[in-house]
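All remarks here apply to the structure that follows.
Count residues from 1 along the sequence. Excluded from the calculations below are hydrogen atoms, water molecules and symmetry mates; all remaining heavy atoms, backbone and side chain alike, are included.
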Amino acid sequence: MHSSTSDHWHVGDVPLASRFLLGTAGYPSPQALAQAIAASGAQIVTVGLKRQLAPANAAGDNGFMDIILAAMRERGARLLPNTAGCTTAREAVQLAHMARELYGTPWVKLEVVGDEYTLQPDPQELVAAARELAREGFTVFPYCTDDLVTAKRLLDAGCPLLMPWGAPIGSGQGLINPFALRLLRERLPDTVLIIDAGIGAPSHAAQALEMGFDAVLLNSAVSQSPDPVRMAAAFRQAIEAGRTARLAGVMDKQDFAVATTPVTGNPFLLG
């Protein structure tokens with residue numbers, strides 16, 4: 001999955017260097033969004049199709065999308081339409097087809113929400129939609145929980161990667177169940193895993209990369225910052241640091257103190 005020289009990761013046959021996927025909702029201005037995309041270094045930018053089909057945009061307000069596409073072209077970034085707001089497999093599949101027609105990409109971030117309070121994905125509807133979309137030639141990025149059984153079913157359905165949540169969308173709580181996430185990483189060693197949702201601070205993103213996750217996708221932690229551009233840069237640095245730490249090897253935790261400077265058995269010079 002990773003190259004020892006370039007350390008690229010892949011979606012299908014597409015090599016990617018950046019491990020930062022950025023959302024586009026809630027920014028104070030289109031210009032701030034464009035600058036945040038540049039500062040993030042992201043090569044994948046996600047946009048909600050339902051937002052683009054809302055009455056304001058349908059009536060001809062295309063400036064938002066034009067700015068996103070222009071910022072992406074400057075970076076050579078790829079668009080990842082998402083099905084946010086869908087609650088059934090049928091609705092998500094229809095929206096994915098519309099996205100492919102509008103943007104000319106088979107990539108789709110698949111979201112099928114089963115609970116309005118937590119915005120938790122519906123595992124049955126998600127797997128059903130993923131299976132149909134994969135069969136129809138889509139590259140499906142499924143937003144899921146950290147449940148291992150559902151993860152395996154999504155892979156069996158034809159998903160090339162998984163996007164488990166760190167915490168509920170927009171909560172900023174970080175990685176609330178490290179045990180389950182570590183289990184996913186250990187049991188699915190050859191699968192691209194992207195933490196999606198719940199990231200609130202750069203330290204959370206660094207933690208995910210240190211644990212061996214391939215990338216993170218986030219939106220609110222940048223868009224809701226008083227300085228989105230600076231925060232995007234901070235996340236970029238944290239993600240790079242987390243990945244470097246993973247490659248270097250993080251020391252094992254110990255139950256007790258371990259002297260870092262032994263004073264017996266090793267000769268040394270003073271002064």
Side-chain angles (χ1 to χ4, degrees), residues 1-2 6-12 14-49 51-52 64-82 84 99 103-111 139 141 143 160-166 169-170 172 192-209 213-225 227-244 246:
M1 201 63 62
H2 306 292
S6 64
D7 192 37
H8 285 182
W9 60 293
H10 294 78
V11 175
V14 177
L16 298 161
S18 171
R19 297 173 181 273
F20 188 179
L21 289 70
L22 187 64
T24 57
Y27 285 80
S29 70
Q31 292 73 25
L33 170 58
Q35 292 170 12
I37 292 173
S40 73
Q43 292 177 290
I44 298 177
V45 176
T46 184
V47 63
L49 186 60
R51 176 181 179 182
Q52 290 308 109
F64 171 82
M65 197 63 201
D66 289 343
I67 288 176
I68 291 177
L69 295 175
M72 290 174 57
R73 281 193 296 269
E74 291 180 6
R75 290 202 40 76
R78 288 175 169 261
L79 185 68
L80 178 63
N82 69 61
Y103 302 125
T105 176
W107 286 14
V108 62
K109 179 189 171 188
L110 180 61
E111 299 185 35
T139 301
F141 292 60
Y143 165 59
L161 56 84
L162 299 171
M163 304 182 75
W165 68 357
I169 292 175
V192 169
L193 298 177
I194 302 170
I195 292 293
D196 177 13
I199 296 290
S203 56
H204 301 155
Q207 181 186 6
L209 272 292
F213 283 83
D214 296 274
V216 297
L217 189 156
L218 59 94
N219 178 67
S220 298
V222 172
S223 67
Q224 301 305 306
S225 168
D227 189 340
V229 179
R230 180 172 290 183
M231 184 59 76
F235 268 102
R236 178 179 185 171
Q237 295 163 8
I239 289 165
E240 292 172 353
R243 177 60 183 170
T244 301
R246 175 69 177 186

Q.
Let me confirm one number: the CG-CD1 distance from Leu21 to Ile239, rounded to the nearest 0.5 Å.
A. 8.5 Å
Q | Main-chain N/O of Ala25 paired with Ser223 side-chain donor or acceptor, under 3.5 Å | A | yes
**Q.** Residues in salt bridge (charged side-chain N to carboxylate O under 4.0 Å, His left out) contact with Arg236, at least two apart in sequence or another chain
**A.** Glu240
Q.
For a side chain to side chain contact (heavy atoms under 4.5 Å, CB included) check, start with the C-alpha distance between Ile37 and Leu22, then their side-chain angles and the critical distance, and finish with the verdict.
A. CA-CA 7 Å; Ile37 292 173; Leu22 187 64; 4.0 Å; yes
Q | side-chain contact (heavy atoms from CB on, under 4.5 Å) partners of Ala38, counting only residues at least two apart | A | none
Q: Could you check Arg78 against Val11 for side chain to side chain contact (heavy atoms under 4.5 Å, CB included), going step by step and ending with a plain yes or no?
A: CA-CA 11 Å; Arg78 288 175 169 261; Val11 175; over 6 Å; no
Q: Measure the CE-CG distance between Met163 and Asn82 for me, rounded to the nearest 0.5 Å.
A: 9.0 Å
Q | All pairs passing salt bridge (Lys or Arg N to Asp or Glu O under 4.0 Å) where residues 27-38 contributes a residue, at least two apart | A | none
Q | Short N-O contact, Arg19 and Asp7, less than 4.0 angstrom | A | yes
Q. With a 4.5 Å heavy-atom cut-off, do Tyr27 and Asn219 have their side chains touching?
A. yes
(Q) Quick check on side-chain contact (heavy atoms from CB on, under 4.5 Å): which of Leu79, Thr24, Ile44 does Met72 satisfy it with? (A) Leu79
Q: Using ring-ring contact (aromatic ring centres under 6.0 Å, His included) as the criterion, list what pairs up with Phe141, not counting sequence neighbours.
A: Trp107
**Q.** From Gln43 atom CD to His8 atom NE2, the distance as rounded to the nearest 0.5 Å
**A.** 7.0 Å
Identify every side-chain donor-acceptor pair in residues 200-207 under 3.5 Å, counting partners at least two apart or on other chains, and give the distances.
from	atom 1	to	atom 2	distance (Å)
His204	ND1	Gly200	N	3.0
His204	ND1	Ala201	N	3.1

Q. To the nearest 0.5 Å, what is the distance between CD1 (Ile199) and CG (Leu217)?
A. 10.0 Å
Q: Give a yes or no on whether the backbone of Leu80 and the side-chain of Thr46 come within a donor-acceptor separation of less than 3.5 Å.
A: yes
Q: Rounded to the nearest 0.5 Å, what's the gap from CH2 on Trp9 to CG on Asp214? Could you check?
A: 7.0 Å
Q.
Within this structure, what is the CG-CZ distance for the pair Leu209 and Arg243, rounded to the nearest 0.5 Å?
A. 7.5 Å
**Q.** side-chain contact (heavy atoms from CB on, under 4.5 Å) partners of Gln35, counting only residues at least two apart
**A.** Val229
